[in-house]
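Notes to accompany the following structure.
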Amino acid sequence: AIAEEKKPKEYQSEGQRFTVEDLLTREEVIWGFDFLPDGQIIFTERAGKMFLFQPKDKKLTELTGIPKVYVAGQGGLLDVRVSPKFKQNSKIFFTYSE
């Protein structure tokens, strides 16, 4: 069955209007995410996978070359951050349990 597409929910807080929209639902726990300058979202799953997600066309790409992680309790592939100077240095930082 194809999941029904949900409409974004609209809210107002302190005079500002904003919407909340589910972009992606996963079986695994999405542990950390950050935004690339081109609008893509990079995210980690605690079980040891990292992905790029393109919100415009909902394209999901699994990244390769991720180190083997120790997954137990609070351990696994954890946070990810795009360098503030990403356009100059192409660096992405991430934390994981070994």
Side-chain angles (χ1 to χ4, degrees):
I2 297 175
E4 182 180 318
E5 198 160 320
K6 297 179 183 177
K7 284 185 156 187
K9 294 180 185 177
E10 190 171 302
Y11 298 93
Q12 184 167 339
S13 176
E14 297 184 18
Q16 299 296 313
R17 293 177 107 29
F18 61 94
T19 58
V20 175
E21 178 181 2
D22 289 336
L23 296 176
L24 179 69
T25 301
R26 302 285 297 164
E27 292 283 325
E28 291 294 327
V29 175
I30 295 175
W31 197 273
F33 69 93
D34 203 358
F35 297 90
L36 290 159
D38 66 0
Q40 290 187 92
I41 300 169
I42 188 169
F43 70 90
T44 62
E45 290 183 344
R46 188 178 71 89
K49 293 184 178 182
M50 190 178 298
F51 296 88
L52 280 178
F53 178 69
Q54 177 54 259
K56 291 178 185 174
D57 61 10
K58 308 253 190 253
K59 182 179 177 188
L60 186 65
T61 305
E62 184 175 353
L63 301 177
T64 59
I66 306 303
K68 184 175 177 161
V69 302
Y70 173 76
V71 181
Q74 293 292 312
L77 183 55
L78 305 171
D79 213 359
V80 61
R81 286 293 171 257
V82 174
S83 170
K85 297 179 181 179
F86 181 80
K87 288 183 179 182
Q88 291 82 31
N89 64 21
S90 300
K91 289 186 179 182
I92 294 174
F93 305 97
F94 58 95
T95 58
Y96 65 98
S97 302
E98 187 175 60

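Just so it is clear, the model here is predicted, and its values are computed rather than measured. The basis for the numbers below is simple: all heavy atoms, side chains too, and nothing from hydrogens, waters or symmetry mates.
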* Spacing of Phe43 atom CZ and Lys49 atom NZ [to the nearest 0.5 Å] -> 10.5 Å

* Any sub-3.5 Å donor-acceptor pair from Ser83's side-chain atoms to Ile92's backbone N or O? -> no

* Whether Arg81 side chain and Gly32 backbone form a donor-acceptor pair below 3.5 Å -> no

* Taking the side chain from Thr19 and the backbone from Lys9, do they hold a donor-acceptor pair closer than 3.5 Å? -> no

* **Flag, side chain of Asp57 to backbone of Lys59, donor-acceptor distance under 3.5 Å** => yes

* Tyr96 six-ring centre to Arg46 NZ/CZ under 6.0 Å and within 45° of normal -> no

* **Donor-acceptor pair, side chain of Thr95 and main chain of Asp79, under 3.5 angstrom** => yes

* May I ask you to check whether over 12 heavy atoms, not counting those of Phe51, lie within 6.0 Å of atom CZ? => yes

* **Straight-line distance of Leu36 CG to Leu52 CG, nearest 0.5 Å** => 6.0 Å

* To do: Tell me, yes or no, whether the heavy-atom count around Glu62 atom CD, taken from other residues, nucleotides or ligands under 6.0 Å, exceeds 12.
  => yes

* Under 6.0 Å from the CD atom of Gln16, do we count more than 12 heavy atoms belonging to anything else shown? -> no

* To do: Identify whether Phe93 and Met50 are in the same connected component of the hydrophobic contact network (ILVMFWY, side-chain heavy atoms under 4.5 Å).
  => no

* Asked: Under 6.0 Å from the CD atom of Glu10, do we count more than 12 heavy atoms belonging to anything else shown?
  -> yes

* Asked: Hey, is the main chain of Val82 close enough, under 3.5 Å, to the side chain of Asp34 for a donor-acceptor pair?
  -> yes

